[in-house]
Visitor: 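One structure follows; several queries about it will come next.
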Amino acid sequence: MSLLRAERVMTGRCLVRSLRDPDGTVTAVVAPVAIMLLFVTVFGAAMEDMAGGSYVEYVTPGVMLLCAGFGAAMTATAVHADLSTGVVRRLRTMPVRASSVITGHVAASVLRNLLSTAIVLLVAVALGFRPQAGPLEWLGAAALVAGYITVLTVLAAAWGLASGGPDTAATFAFAALFPPYLSTAFVPVEGLPGFLHGVAAHQPVTPVTETLRALTSGAGPGEHAWAAVLWLTALGLAGAALTGWLFRRAAGRR
Amino acid sequence: METRTLPGAAPAVVVRGLRKAYGGAEVLAGIDLDVPAGGVFALLGPNGAGKTTLIDVLTTLVRPDAGTAEVLGLDVVRRARRVRHVISATGQYATVDEELTGRENLVMVARLLGAGRRAARDRAAALLERFDLADAADRRVAEYSGGMRRRLDLAAGLTGSPAVLFLDEPTTGMDTRARRALWRTIGALAADGTTVLLTTQYLEEADVLADRIAVLDRGRIVAQGSPAELKDRVGGEWIELSLADGGTERVPGEATADHLRRVLDERHRAGIAVSRVAVRGPGMDDVFLALTGNGGGRP
C-alpha cells in the first residue's frame with residue numbers, strides 16, 4: 001500500500017506541474033507535430049531517394065526519439081529548480097526518501113514523453129506512415145522508447161544537479177538535440193559525410209533508432225537490438241550512479 | 001512570559017561541543033545549548049553568526065564535525081530518521097511549490113507523511129482555515145504575497161504535528177503587519193505545546209516572542225537566558241530626567257523612592273528645573289551591542 005509512496009506522490013506533483021506549464025505543453029504536444037510535419041513535408045521529397053523509399057517510413061522512429069529526448073532533457077531545469085528552491089531541503093528534514101524528488105521527475109518524464117511519442121506516431125500515420133508491427137513488436141518498441149527516455153532523463157537530472165545556475169541547466173535540452181542528427185535517425189550512414197560515418201555507426205542513438213525502425217516495420221528486433229539494449233543499460237546505470245552521487249553531494253552541500 | 005518547562009521534563013534540544021567548519025572557516029566553534037521542552041526559544045545573532053548552520057545540524061541536514069546534538073533525546077546523526085519524525089523545519093526560503101495551489105501543496109506534504117487521500121484533504125483544509133488561507137486555497141502559490149507564502153510554508157511544516165518546530169528567520173523580509181500576525185501564530189503554537197526554536201536577527205522579535213534566548217556570535221553562544229535575565233546582565237535601570245531647558249539627563253541607579261527624592265532634591269537646590277521623570281532599563285539593543293559589539297538588524 002505504502003510502497004514507493006513518496007515516489008508516487010512526487011510523480012503526481014511533476015505531472016500536475018507539466019500540465020500547468022505552457023512551455024511544457026508546447027514541448028510535449030506542439031513541437032512533435034511541427035517537427036514531424038517539417039521533416040516529412042519540407043525535407044521529405046528531397047530525401048526519398050536516399051532513404052530508399054517513403055521518407056515518412058524512414059524518419060518516423062528518428063523523430064519519435066528526437067522529441068522524446070528533447071522532452072526528457074527538460075528535466076535538467078526542473079531538477080535544478082527544486083534544488084535551488086527549498087523543495088529538496090524540506091524533503092530532507094521529513095521522514096521521506098528525499099531522492100523521491102528525482103525519481104518523481106524521471107517517472108513523470110517517462111509518462112509525459114511516451115505521450116509525446118504517441119502523438120508523433122499519430123501524426124506520422126496521418127502523413128502516410130504504415131507501421132507493420134505485431135503486438136509483441138509494439139510492446140518492444142514501447143519498452144525501447146521508455147528506456148531511451150529514462151536514460152536521457154536520468155542524464156538530464158545529473159546535469160541539472162551539477163549545474164551552477166538555471167541557464168547552465170537549460171543547455172542540456174539544446175545538447176540533447178544533436179546526437180539524433182549525428183546518427184542514422186534522419187539520414188542513412190552512406191548519406192552522411194565520411195568523417196561522420198564512424199560517429200554515426202558507433203553512437204547509442206543509431207542502434208536505438210535502427211531497432212525502433214525494425215520493430216515498427218514488423219521485422220522483429222533486428223541486428224542492432226543487442227547494441228541498443230547494452231548502450232541503454234550501460235548509460236542508464238552510469239547515469240543513475242552519477243545522479244545518486246550528485247544528489248547526495250548537492251543535497252548535503254549546505 | 002514565563003518559561004513553561006515542567007520540572008523533570010526532558011529537554012527538547014541538547015547540544016554539546018558542536019563544531020562545524022566549511023573550507024577551513026569555523027562556522028560553529030563549540031556550541032553548548034539546552035532548549036527546554038515547550039515555549040519559544042530564540043537563537044539571536046547577526047548575519048553569519050552560525051544560526052542557519054546550527055539549525056541545519058539540528059534538522060539533520062548537515063553533519064557536525066565534532067560534538068553531539070540531540071532532539072527529544074534522539075541523536076541527530078545516528079538517529080536522523082527518527083528525528084525527522086518529530087521535527088519540522090521551515091527555512092528562510094519558501095519550500096512550497098509555486099506551480100501548485102496552496103491546497104495541493106498541503107495535500108502533497110500530508111500524502112508524503114503517509115496520510116491517505118481523504119485524510120490528506122481534510123488535514124489540508126483544516127490547516128488552510130487555521131492559517132487564514134482558505135480563500136486563496138485553490139490559487140497557485142506563484143500568485144501569493146510574501147506573507148501568504150510564509151503562512152503556507154508554516155502550515156506545510158505543521159502538517160505532521162511536529163513536537164519541535166524549527167523556524168529559520170521566519171519573518172525576514174516581512175512587513176510589520178505580517179510579522180505581528182506571524183508572531184501571534186507562533187505564540188499560539190507554543191501555547192498548544194509545540195516547542196519552537198527560531199532564529200532571528202531582530203532583537204524585538206526575540207524580546208516579544210521568546211521565553212528564552214541564546215545569543216550567537218561568530219559561532220559561539222555568548223549569552224543565554226530569559227529576556228529579563230539578559231537585560232539584567234547588561235546593567236540595571238536608570239532614571240531619565242527631561243529638563244525644562246529641553247535637555248535630558250541620565251542618572252544611574254535603581255529607582256527607589258529614596259533615590260528618586262534625593263536626585264530631584266539635588267536638582268531643585270541647584271536650580272535645575274526638571275519637567276518629567278522616567279525610569280528606563282536596558283533594551284535588547286543594549287544587550288546585543290554589549291554582547292556582540294554589533295548593533296544587529298532592526299525590523
Side-chain angles (χ1 to χ4, degrees), chain A residues 1-25 27-28 74-75 77-105 107-108 112 166 247-254, chain B residues 20 22-23 27 52-53 55-63 71 76 79-101 103-105 107-117 120 140-142 149-150 153 156-157 159-160 162 164-166 168:
Chain A
M1 182 190 73
S2 66
L3 183 71
L4 300 178
R5 184 184 60 223
E7 283 73 10
R8 283 185 287 125
V9 173
M10 294 314 274
T11 306
R13 159 191 180 247
C14 291
L15 288 175
V16 171
R17 282 179 64 103
S18 308
L19 288 177
R20 245 168 241 173
D21 167 27
D23 291 351
T25 314
T27 311
M74 309 286 274
T75 306
T77 354
V79 165
H80 181 78
D82 276 353
L83 202 65
S84 54
T85 62
V87 173
V88 172
R89 270 176 77 82
R90 157 145 349 237
L91 280 177
R92 289 189 62 233
T93 65
M94 288 169 64
V96 163
R97 262 188 305 280
S99 62
S100 62
V101 67
I102 306 291
T103 325
H105 277 298
R112 198 176 59 227
F247 182 74
R248 281 188 296 278
R249 199 192 61 141
R253 188 161 49 194
R254 289 180 47 112
Chain B
K20 180 73 190 176
Y22 285 111
V27 183
T52 299
T53 305
I55 294 283
D56 282 353
V57 171
L58 293 175
T59 56
T60 76
L61 287 170
V62 164
R63 271 170 177 265
V71 176
V76 295
R79 310 203 59 194
R81 277 197 70 85
R82 282 294 311 155
V83 170
R84 290 176 194 142
H85 278 279
V86 296
I87 64 159
S88 168
T90 295
Q92 293 179 40
Y93 308 101
T95 53
V96 286
D97 190 323
E98 296 222 329
E99 299 303 319
L100 302 185
T101 66
R103 189 190 306 281
E104 285 166 342
N105 266 293
V107 168
M108 180 177 86
V109 173
R111 298 270 296 138
L112 283 172
L113 292 172
R117 274 175 211 285
R140 287 189 319 139
V141 174
R149 255 177 237 220
R150 287 293 174 89
D153 219 19
T159 308
V164 185
L165 179 65
F166 294 91
D168 193 12

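None of the values given here were measured: they were computed from a predicted structure. Letters A, B, ... mirror the listed sequences (proteins, then strands); counts begin at 1.
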Visitor: Heavy-atom distance under 4.5 Å to chain A: side chain of B:Thr159, backbone, both or neither?
Guide: neither
Visitor: What's the shortest heavy-atom distance between B:Ala89 and A:Arg90, and which atoms?
Guide: O-NH1, 3.9 Å
Visitor: Test your reading of the model: is there a side-chain donor-acceptor pair from A:Arg13 to the backbone of B:Leu100, 3.5 Å cut-off?
Guide: no
Visitor: Can you tell me if A:Arg20 uses its side chain to pair, donor with acceptor, with the backbone of B:Glu99 under 3.5 Å?
Guide: yes
Visitor: Tell me if a side-chain donor or acceptor on B:Arg84 pairs with a main-chain N or O of A:Arg92 at a distance below 3.5 Å.
Guide: yes
Visitor: Quick one: what part of B:Val109 sits under 4.5 Å from any heavy atom of chain A, side chain, backbone, both or neither?
Guide: both
Visitor: With respect to chain A, which residue among B:Ser88, B:Gly160, B:Pro162, B:Gly157 yields the maximal number of heavy-atom pairs within a distance under 4.5 Å?
Guide: B:Gly157
Visitor: Does any heavy atom of chain A fall under 4.5 Å from the side chain of B:Arg140, the backbone, both, or neither of them?
Guide: side chain
Visitor: In Å, rounded to the nearest 0.5 Å, how long is the span from CZ of A:Arg97 to CZ of B:Arg81?
Guide: 7.5 Å
Visitor: Starting from the C-alpha separation in whole Å, work towards a yes-or-no answer on side-chain contact (heavy atoms from CB on, under 4.5 Å) for A:Arg89 and B:Thr59.
Guide: CA-CA 10 Å; A:Arg89 270 176 77 82; B:Thr59 56; 5.9 Å; no
Visitor: Which atoms of B:Ala156 are under 4.5 Å from chain A, going by heavy atoms: the side chain, the backbone, both sets, or neither?
Guide: both
Visitor: Ignoring hydrogens, what is the shortest heavy-atom contact between B:Thr60 and A:Thr93? Give both atom names and the distance.
Guide: OG1-CA, 4.5 Å
Visitor: Considering non-hydrogen atoms only, spot the tightest contact between A:Val9 and B:Met108 and give its length.
Guide: CG1-CG, 3.6 Å
